[in-house]
Amino acid sequence: MAQKPSIPKGTRDFSPLEVAKRNYIFSIIKTNFEKFGYQPIETPTFENSETLMGKYGEEGDRLIFKILNSGNFFYNKSKIELPKAIEALQANSAETISLEQRVELNKFTGRISEKALRYDLTVPFARYVVQHQNEIEFPFKRYQIQPVWRADNPQKGRFREFYQCDADVVGSNSLWQEVELVQLYDGVFSALGLEGVTIKINNRKILSGIAEVIGASDKLIDFTVALDKLDKIGEDGVKKEMLAKGIAESALEKVQPLFNFTGTISEKIEKLSGLLASSAEGMKGVEELKFICGNVIALGLDKSILDLDVTLARGLNYYTGAIFEVAAPKTVAMGSIGGGGRYDDLTGIFGLKNMSGVGISFGLDRIYLVLDELNLFPETVTSTSKALFLNLGQEEALYSMKAIMQLRKAGIKVEMYPDNAKMGKQFQYADKRGIPYAVIVGGDEMANSQFALKDLVSGEQKKVSLDELREILK
């Protein structure tokens, strides 16, 4: 019995038209990256597990795809009864495992899996910077457009394999980088014709300051992870999770103003100044936001909206300063289509200290869905040929191929039907492919160095020279 073809859950095949649309987005993002002075790099599909683990928080670590090593894994039962150790872990009674068993278990796990698929592009970039620091001119502005993998629960706009398009700067503490990154977001979305995108901004120092003011500094990670879920689980859900993580009821009362934080950016900054007056860390975050938001407002944005969102936390542990998240226009039900922030300590994990970085990411797959829903892809975005030369015989085919070579040199997409089939079948093929023109060559056309060009939309047909054909198909 033949096997039924399938692909893993959370992955997709792409048709020629879908690939053409995706390439359209890639092209605009890449053009803007380079316009802002970013240089391209690429990193391997998979990294050593130790490079990735522990960089994304507890929840992120669980979503990292591990790669099973090849080979046989022989286990010496005389040293440790591994099944019992695993049973103990599954029963949440790890304390019953002896030190010797822990060591052997870790060794065994290391033999099973030493590598993992990359979860994002930022941590591999930090590893790249440290590994190639002697070859890099700092500050280093790089962009990277590659796929990433997450063992997430697939749903609309969320996949297990998807592309990220990142732009980062390392080696500069200047907040002008954050100002430029907001402009970069606006430049890309404006070029895509996407109006009403909201670029949300906050600062990790403000979140640290709030945790300090409410007496929950020791629960900062739990606080930010729960707060980051406000859009998904609502105020009551966030409070319930915070209480479950051991954050006191009295602390939640102090944080209540955050759930109804309204006004202009200036008004919100003023409120934060009052709320965080007793926190030096929090006030530093307020000053950074003043600089970034003030300059973005002074320079202006084309089609995007800047908003200060004090509940924005972004659940990745490596952010230390400004954080960004981009929301699609309100007319589209979609999660974030971009995000990023400053990470002062990330390269330090790999041994390179005092190397501040900041970056943003575009969610290609979600941007595609938004553009598709709003019908914003230009009609010219297609992977199909401009014309199909019909195949009417050996001599006619050779005459056609000579013309095809000249048209292709001029950058025009044309092709010839490979078989000398009935004309009706060849016209039908062009119609199904969405090819707008057919070129017909017979004895009369060859004798007069001409081509019969048929518009497959209007049905109009006329004889043209090669130069005229080139002009029409441009």
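In what follows, residues are counted from 1 in the order of the sequence shown.
At least one side-chain heavy atom of Val296 sits under 4.5 Å from a side-chain heavy atom of Leu301. Taking the side chain as every heavy atom from C-beta outward, Asp186 and Gln183 never approach each other to under 4.5 Å. Considering only heavy atoms from C-beta on, Leu272 comes within 4.5 Å of Leu308 through its side chain. When side chains are defined from C-beta on, Gln164 does not count as touching Thr122, because their heavy atoms never get closer than 4.5 Å. Taking 4.5 Å as the limit, some side-chain heavy atom of Tyr128 sits within range of a side-chain heavy atom of Ile41. In this structure, the side chains of Asp61 and Tyr119 stay at 4.5 Å or more apart for every pair of heavy atoms. With a 4.5 Å cut-off on side-chain heavy atoms, Lys454 and Tyr437 do not count as touching. Using a 4.5 Å heavy-atom threshold, the side chains of Leu306 and Ile265 count as touching.
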Test log, rule side chain to side chain contact (heavy atoms under 4.5 Å, CB included), inputs Phe362 and Asp166: CA-CA 6 Å; Phe362 291 83; Asp166 284 14; over 6 Å; no
Verdict with reasoning, Asp168 to Val358, per side chain to side chain contact (heavy atoms under 4.5 Å, CB included): CA-CA 6 Å; Asp168 289 76; Val358 61; over 6 Å; no
Derivation of the side chain to side chain contact (heavy atoms under 4.5 Å, CB included) call for Leu390 and Phe427: CA-CA 8 Å; Leu390 271 57; Phe427 277 124; 3.8 Å; yes
Residues Leu364, Arg22; criterion side chain to side chain contact (heavy atoms under 4.5 Å, CB included); working and verdict: CA-CA 8 Å; Leu364 178 279; Arg22 287 165 65 86; 3.2 Å; yes
Trace of the salt bridge (Lys or Arg N to Asp or Glu O under 4.0 Å) decision for Glu180 with Lys141: CA-CA 12 Å; Glu180 267 210 341; Lys141 302 175 74 172; 3.5 Å; yes
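The number of heavy-atom neighbours closer than 6.0 Å to NZ of Lys271, taken from other residues, nucleotides and ligands shown, is above 12. In Lys284, the NZ atom is not crowded: 12 or fewer heavy atoms of neighbouring residues, nucleotides or ligands sit closer than 6.0 Å. Counting heavy atoms of neighbouring residues, nucleotides and ligands inside a 6.0 Å radius, atom CD of Glu235 exceeds 12 of them. The 12-atom threshold is exceeded at CD of Glu135, counting heavy atoms of other residues, nucleotides or ligands nearer than 6.0 Å. Within 6.0 Å of atom NZ in Lys413, more than 12 heavy atoms from other residues, nucleotides or ligands are found, so the atom counts as buried in its surroundings.
Between the side chain of Lys402 and the main chain of Ser400, no donor-acceptor pair closer than 3.5 Å is present. With Glu114 contributing its side chain and Asn48 its backbone, the two residues share no donor-acceptor pair below 3.5 Å. A side-chain donor-acceptor contact under 3.5 Å links Asn391 to the backbone of Tyr417. Side-chain atoms of Ser385 never come within 3.5 Å of backbone atoms of Ala387 as a donor-acceptor pair (strictly under, hydrogens ignored). When atom types are taken as modelled, the side chain of Arg118 and the backbone of Pro44 share a donor-acceptor pair closer than 3.5 angstrom. No donor-acceptor distance shorter than 3.5 angstrom exists from the side chain of Ser113 to the backbone of Leu68, with no hydrogens or angles considered.
Phe162 meets the ring pair (Phe, Tyr, Trp, His ring centres under 6.0 Å) test with no other residue; sequence neighbours excluded. Judged as a ring pair (Phe, Tyr, Trp, His ring centres under 6.0 Å), and not counting sequence neighbours, Phe46 has no contacts. For the ring pair (Phe, Tyr, Trp, His ring centres under 6.0 Å) test, residues two or more places apart in sequence or in another chain that qualify with Phe291 are Trp176. Listed by chain and residue number, Lys268 satisfy the salt bridge (charged side-chain N to carboxylate O under 4.0 Å, His left out) test with Asp307 (two or more places apart in sequence, or in another chain). Every residue two or more places apart in sequence or in another chain that forms a side chain to side chain donor-acceptor pair (under 3.5 Å) with Glu47 is listed here: Arg127. For Asp302, the side chain to side chain donor-acceptor pair (under 3.5 Å) criterion is met by Ser190, not counting sequence neighbours. In terms of the ring pair (Phe, Tyr, Trp, His ring centres under 6.0 Å) criterion, residue partners of Tyr163 (sequence neighbours excluded) are, by chain and number, Phe26. For Lys463, the salt bridge (charged side-chain N to carboxylate O under 4.0 Å, His left out) partners at least two apart in sequence or on another chain are Asp444, Glu445.
The list of salt bridge (Lys or Arg N to Asp or Glu O under 4.0 Å) pairs with a residue in residues 4-19, not counting sequence neighbours, reads Arg12-Asp365. The list of salt bridge (Lys or Arg N to Asp or Glu O under 4.0 Å) pairs with a residue in residues 422-443, not counting sequence neighbours, reads Glu415-Arg433. The salt bridge (Lys or Arg N to Asp or Glu O under 4.0 Å) analysis of residues 464-474, with sequence neighbours excluded, yields the pairs Asp467-Arg470, Glu471-Lys474.
The residue from Asp309, Leu207, Thr311 that alone fulfils the side-chain contact (heavy atoms from CB on, under 4.5 Å) condition with Asn202 is Leu207.
When only modelled atom types and interatomic distance are considered, Ser356 and Arg342 share a side-chain donor-acceptor pair under 3.5 Å. In this structure, a donor-acceptor pair under 3.5 Å is present between the side chains of Thr43 and Gln144.
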Which atom pairs, donor and acceptor, lie under 3.5 Å between side-chain atoms of residues 32-39 and protein residues at least two apart or in another chain?
unit_1, atom_1, unit_2, atom_2, d
Asn32, ND2, Ile28, O, 2.9
Glu34, OE2, Tyr143, OH, 2.7

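Taking a cutoff of 4.0 Å between a charged side-chain nitrogen and a carboxylate oxygen, Lys303 and Glu195 qualify as a salt bridge.
The side-chain tip of Arg160 does not point at the ring of Phe65 from less than 6.0 angstrom away and within 45° of straight on.
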